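Read through the structure below, which is laid out as structure tokens, and then see the notes.
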There are 2 protein chains.
Amino acid sequence: MKLSSPQALCPNCRLSDLCFPYGLQENEVRLLANIVKNRQPLSAHDFLYYQGDECQSLYVVKSGSFRSFITDLDGNEQTVGFYLPGELLGLDALNHERFSCSTIALESGSVCELALSHINKLCSKIPNLQIQVLRILGKEIASGHELVVLLGHHSAKERMAIFLLSLSCRYGALGFSSMEFNLSMPRHDIANFLGLTAETVSCQLADLGKLGVITVKRRGVQINDLDMLKAIVEPCSAKWGKQVFCLPE
Amino acid sequence: MKLSSPQALCPNCRLSDLCFPYGLQENEVRLLANIVKNRQPLSAHDFLYYQGDECQSLYVVKSGSFRSFITDLDGNEQTVGFYLPGELLGLDALNHERFSCSTIALESGSVCELALSHINKLCSKIPNLQIQVLRILGKEIASGHELVVLLGHHSAKERMAIFLLSLSCRYGALGFSSMEFNLSMPRHDIANFLGLTAETVSCQLADLGKLGVITVKRRGVQINDLDMLKAIVEPCSAKWGKQVFCLPE
DNA sequence: CGTACAATTGAGAATCCTCAAGAGCAGTGG
DNA sequence: CCACTGCTCTTGAGGATTCTCAATTGTACG
């Protein structure tokens, strides 16, 4: 089987528009593809890396979904992000070359591995790649800010709505339905991410169901009224539409 | 006054160990210093840049302190960071080349300006600089994660303690006292940053005062018991246990 | 078919917010 | 020097939201 031959990965990868190579020339993508390694597929609950591990590579989600979380000295966890295909993992490690969070697979999935040393060398050769790296890092910082806004100044119902809108946009960008999808994470993980408890998440989902905004059945979510979901997030400005949760064009 | 001649800035700057040039060779610092511009000093409440503005430069705080905040469509503000000398501003703009937050001066201060186009060119020439840029960006991402942890899973008292410890540490690194400093921001801004109200911040500071951990007088803060302040943040891993939270009746 | 885990639901409790009043401090002008 | 004004900060009472605890139901998987 030559399907996963590194040289052929990126030009043929369905994700390449949403992923690291976005904005590069054909020949530049080929150079990048040369340094991409395919890792063994992971099963649900497998760790991709542990907090504190030395970081020698960044990872791009190829399939499945992942959860990153920080564990403090008392053993408490805080989920800092969920990652879908095309999204980059490990950026927080660029500071001390050690991962500042752990990442586990929520379901079976796979990742592409990019050795840091290779990226650095390649950036010097391809100015576009360097700009792209900075862009991705800037995006990660900006999305961190969005999460801070979410946690700092939103009620439980607003957090729930924002979370669903974010997933909706990201699934939509990947070519899946943005109106109907499955949550790959349990309630407990959602709650942890949103700074709530699992019970509150459950209640808020039930409430949104009673309002007719969504239909929830266990892990399955269907959005019935996207405008109302947006209105819950930004009451006064809902009619103008809002782009921040969507991927850039 | 030739003091602020760009060419002489970094090698002579007292901040250079804590700032952008950290880790660079002498001659590399000189190359970097060539692209540094000094901006007009700012007064309290002056904007350094506005959310949505096109970003052509990054800024390093030279003196004073700054606050960055995101304004949503309904006009609500969320403070995403306070910045002290040596800290880098504008990194969130690398994604869309527009600032995703506004930044204002909390007191009179000044910044160094680094044109993005120059940084990109220089990174290709100086591999160490490129690594340093990535390191700073990784640090910004990691500190965003820390703020998420703070907002997601900490009580009002813990948030207050973490905030004070962070300032203590950063002032200490700058060569100021880590045990006694002035808050350059009003209670309202602290509250907004921590996802609380100004009244709650006030009460929590008063409580910490009653516990003898700190002495607060308006903007002035003195830390009397650093260990206990740390114990409030990480109860189980501190030797005293939870009773530190209980106020005397 | 039973077990273990995930999710729901409800009652009571704790934390933090809202609202309101007042105190402290800086700057201004008489 | 004193009031005056405006702002920040403090303090307290009551209330709303979310958490904790507990019981129950639903689902996946051996």
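First the proteins, then the strands, lettered A, B, ... as listed; each starts at 1. Note that this is a predicted model, so its numbers are computed, not measured.
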Donor-acceptor pairs under 3.5 angstrom involving side-chain atoms of residues 77-84 of chain B: please list them, not counting sequence neighbours.
| unit_1 | atom_1 | unit_2 | atom_2 | d |
| --- | --- | --- | --- | --- |
| B/Q78 | OE1 | A/H153 | NE2 | 3.1 |
| B/Q78 | NE2 | B/N192 | O | 3.2 |
| B/T79 | OG1 | B/R67 | NH1 | 2.9 |
| B/T79 | OG1 | B/N192 | OD1 | 3.0 |
| B/Y83 | OH | B/E140 | OE2 | 3.4 |

Working for side chain to side chain contact (heavy atoms under 4.5 Å, CB included), residues A/Y59 and A/F66: CA-CA 11 Å; A/Y59 302 96; A/F66 293 79; over 6 Å; no
B/L183 and B/L167: CA distance, side-chain angles, deciding distance, side chain to side chain contact (heavy atoms under 4.5 Å, CB included) verdict: CA-CA 9 Å; B/L183 302 170; B/L167 284 183; 3.6 Å; yes
In whole angstroms, how far is the [atom2] atom of [N] from the [atom1] atom of [X]?
{"X": "A/R187", "N": "C/dC5", "atom1": "CZ", "atom2": "P", "result": "18 Å"}
{"X": "A/H188", "N": "C/dT8", "atom1": "NE2", "atom2": "P", "result": "14 Å"}
{"X": "B/L194", "N": "C/dT15", "atom1": "CG", "atom2": "P", "result": "18 Å"}

Axial bend angle, the helix from C/dC1-D/dG30 to C/dG30-D/dC1: five-pair end segments, nearest 10°: 30°
Intermediate values then yes/no, side chain to side chain contact (heavy atoms under 4.5 Å, CB included), B/V148 and A/F193: CA-CA 9 Å; B/V148 167; A/F193 180 60; over 6 Å; no
So with a 6.0 Å cut-off around [atom1] of [X], is the heavy-atom count from everything else above 12?
{"X": "B/F176", "atom1": "CZ", "value": "no"}
{"X": "A/K157", "atom1": "NZ", "value": "yes"}
{"X": "A/R219", "atom1": "CZ", "value": "yes"}

With B/S178 via side chain to side chain donor-acceptor pair (under 3.5 Å) - residues at least two apart: none
Side-chain donor-acceptor pair present, B/N38, B/S110, cut-off under 3.5 Å: no
Rounded distance [0.5 Å steps], CG in B/D225 versus CD1 in B/I232: 8.5 Å
Value rounded to 0.5 Å, distance of NZ in B/K217 from CG in B/N182: 12.0 Å
Outermost nucleotides of DNA chain D that come under 4.0 Å of a non-hydrogen atom of chain B: D/dT8 to D/dT11
Sugar-phosphate, base or nothing in reach of B/A198, heavy atoms under 4.0 Å: nothing
Partner of A/S57 under side chain to side chain donor-acceptor pair (under 3.5 Å), chosen from A/K37, A/E113, A/R39: A/E113
Please list, pair by pair, any protein nitrogen or oxygen found under 3.5 Å from a nitrogen or oxygen in nucleotides 16-19 of chain C.
| unit_1 | atom_1 | unit_2 | atom_2 | d |
| --- | --- | --- | --- | --- |
| C/dC16 | OP1 | B/A156 | N | 2.6 |
| C/dC17 | OP2 | B/T197 | OG1 | 3.4 |
| C/dC17 | OP2 | B/T200 | OG1 | 2.4 |
| C/dC19 | N4 | B/E199 | OE2 | 3.1 |

Would you list the protein and nucleotides 22-26 of chain C atom pairs, both N or O, that sit under 3.5 Å from each other?
| unit_1 | atom_1 | unit_2 | atom_2 | d |
| --- | --- | --- | --- | --- |
| C/dG24 | N2 | B/R218 | NH2 | 3.3 |

Test side chain to side chain contact (heavy atoms under 4.5 Å, CB included) applied to A/L205 and A/L164, step by step: CA-CA 10 Å; A/L205 284 173; A/L164 292 174; 4.3 Å; yes
